[in-house]
Amino acid sequence: MPHRHNLTTLRDMLRRREISSTELTHHFLERIDRHSDLNAFITVDEEGALAAAQQADKHLARDEHAPLTGVPLAHKDIFCTQGLLTSCGSKMLRNFISPYDATVVERLAKAGSVLVGKTNMDEFAMGSSNETSHFGPVHNPWDLQRVPGGSSGGSAAAVASRLVPGATGTDTGGSIRQPAAFCGLTGLKPSYGRVSRYGMIAFASSLDQGGPLALSAEDAALLLQCMAGFDSRDSTSIARDTADIDEGLKINLHGLRLGLPAEFFDESIDNAVLTRVREALGIFERLGATLVDVALPNSAAGIPCYYVIAPAEASSNLSRFDGVRFGHRSDQASDLLTLYENSRAEGFGEEVKRRILIGTYALSAGYYDAYYLKAQKIRRVIAQDFSKAFEQCDIIVGPTAPTTAFSLGEKTQDPVAMYLNDIFTNTVNLAGLPGLSIPAGLDEAGLPVGLQLIGQFMDEGRLLGAAHRFQQATDWHQLVPKGF
Ligand code: GLN
């Protein structure tokens, strides 16, 4: 049962030739097929995967090892993949075969990984439940009636159900961390600029970051090392090597200061979530960390601030999908204007249209100062809150989401209730910081609870190291949903 092993172990087994990449890829492809009811994948590239696996086996036979040689992986369908459908979960891009690879895709391929397919997601990464996808909702392997979280819900469901040992996701306001929490995974949103956004279809460019979804901090570190690094094709990319990530895994927790913001521990949070988070913090204490109280006084402004800035940037980014330059073209048009109108009306789903409307409104003359500019100022204040808190601690901790996975359909009629799910995650994007979600146990219904660790800018090494120590002392990250 090779799917029971994590990515690092599989990588080592491949190197020792205890299993071939072709066998492993076949095994995972069969699982993807058997569990197609989860709807975790939009595209499965059997032929491409087996060809890449064969190639990897040739390298392995000669002991030529790249960091991930022969390891099967999946990419969120927001990453452009040459020659493969890249739909971004939208009808708008239902037929878009990308002519090039995103930097993340290119780097993970160079690292020797085998791409098995593209995962389902909320349309244009807008959502917290994977229910806005044009390709239908994804089911949470822990309870098929529940959502896997979003927007990287397909990637999270695929890794949690062991259809792949790791996958990529993107996180604009929580889309890696919240699905990781809902599916019992380790998910990292890197510091803004650490991972190239080139070829990652843009939602809100000042917030978007790609990152890994994995079964452990060690696996996430391995994936991040392959994904991260400077890219001249992304003007916000930061030149920083990845030495800190290796170093970070070796850290000692003695004297590590964990900051608990009162704002992340209020009564509106699910009881079981709070209990599990507090228990996890107890374990960190036993391992040598100290807990300190900190304050993030402007956290409550995070949701309104994010839901002005993200739609504003989205309305601009999505203007290219007009049926002429990019995207679905309506055949119901008599002139240019109706061609634009009908193409966009037919190609975009309801949530995406809602965001475009909000964003266009917030950016329009007369409202720009009142909404967009104001939100930018609040964003600065939120970032300053984090800087102040980090004067007293090394890592900020709290729940990843206020609840465990909710039921399919539960929040689809109430966009604000859906947005509130990001309450602990989106301030991290506004401040450009790294955030990690790790499994911290189950609630009374047997659903995973996520613990969030927030680091200082470019401090991924320490985050992953702290999580790695925690995972050496616990086995929450090894739980497998029943039936998988
Ligand atoms: N749920 C948030 C939203 O809908 C975050 C999405 C994301 O991180 N891509 O915008």
Side-chain angles (χ1 to χ4, degrees), residues 75-79 88-90 104 119-133 137-138 147-156 167-182 187-190 192 195 197 200-213 302-315 317-318 348-359 362 375 379 400-403 405-406 410-412 414-437 450 452 454:
H75 289 308
K76 182 176 182 178
D77 211 20
I78 198 168
F79 288 101
C88 219
S90 183
V104 161
T119 57
N120 203 343
M121 56 179 285
D122 278 302
E123 185 179 7
F124 286 102
M126 298 175 190
S128 306
S129 67
N130 218 111
E131 292 169 295
T132 71
S133 171
V138 175
V147 304
S151 64
S152 313
S155 286
T168 54
T170 61
D171 190 313
T172 304
S175 281
I176 290 176
R177 289 160 289 159
Q178 185 254 21
F182 281 14
L188 174 74
K189 180 206 94 77
Y192 186 74
V195 171
R197 291 181 295 107
M200 192 176 104
I201 295 171
F203 163 11
S205 308
S206 77
L207 301 160
D208 298 341
Q209 260 300 284
L213 282 141
I303 295 275
C305 174
Y306 172 91
Y307 278 99
V308 171
I309 292 175
E313 293 184 17
S315 72
N317 275 328
L318 270 55
F348 289 134
E350 206 177 311
E351 183 60 27
V352 173
K353 285 178 190 160
R354 180 180 295 120
R355 306 273 180 121
I356 293 173
L357 286 173
I358 295 171
R379 178 176 191 172
T400 305
T403 64
F406 46 88
E410 192 178 320
K411 296 185 201 281
T412 41
D414 187 352
V416 176
M418 192 70 94
Y419 299 168
L420 283 169
N421 224 267
D422 305 335
I423 192 149
F424 303 128
T425 46
N426 67 18
T427 50
V428 179
N429 301 70
L430 289 166
L433 302 174
L436 177 69
S437 182
Q452 185 177 210
I454 303 165

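Order of listing sets the numbers, starting from 1, for every ligand and every atom in it. Just so you know, these numbers come straight off a predicted model, no measurement behind them.
Atoms OG and CD, from Ser128 and Glu351 in turn, are 8.5 Å apart once rounded to the nearest 0.5 Å. Atoms CG and CG, from Asp422 and Asn429 in turn, are 8.5 Å apart once rounded to the nearest 0.5 Å. Between Ser152 atom OG and Leu213 atom CG the span is 6.0 Å, to the nearest 0.5 Å.
Below 30°, between 30° and 60°, or above 60°: for Tyr307 and Tyr419 the angle between ring planes is below 30°, a parallel geometry.
Sorted by chain and number, the residues within 4.0 Å of ligand 1 by heavy atom are Ala125, Met126, Gly127, Ser128, Ser151, Asp171, Thr172, Gly173, Gly174, Ser175, Phe203, Tyr306, Tyr307, Arg355, Asp422.
For Phe203, the ring-ring contact (aromatic ring centres under 6.0 Å, His included) criterion is met by no residue, not counting sequence neighbours.
A salt bridge does not link Lys353 to Glu350: none of the charged nitrogens lies less than 4.0 Å from a carboxylate oxygen.
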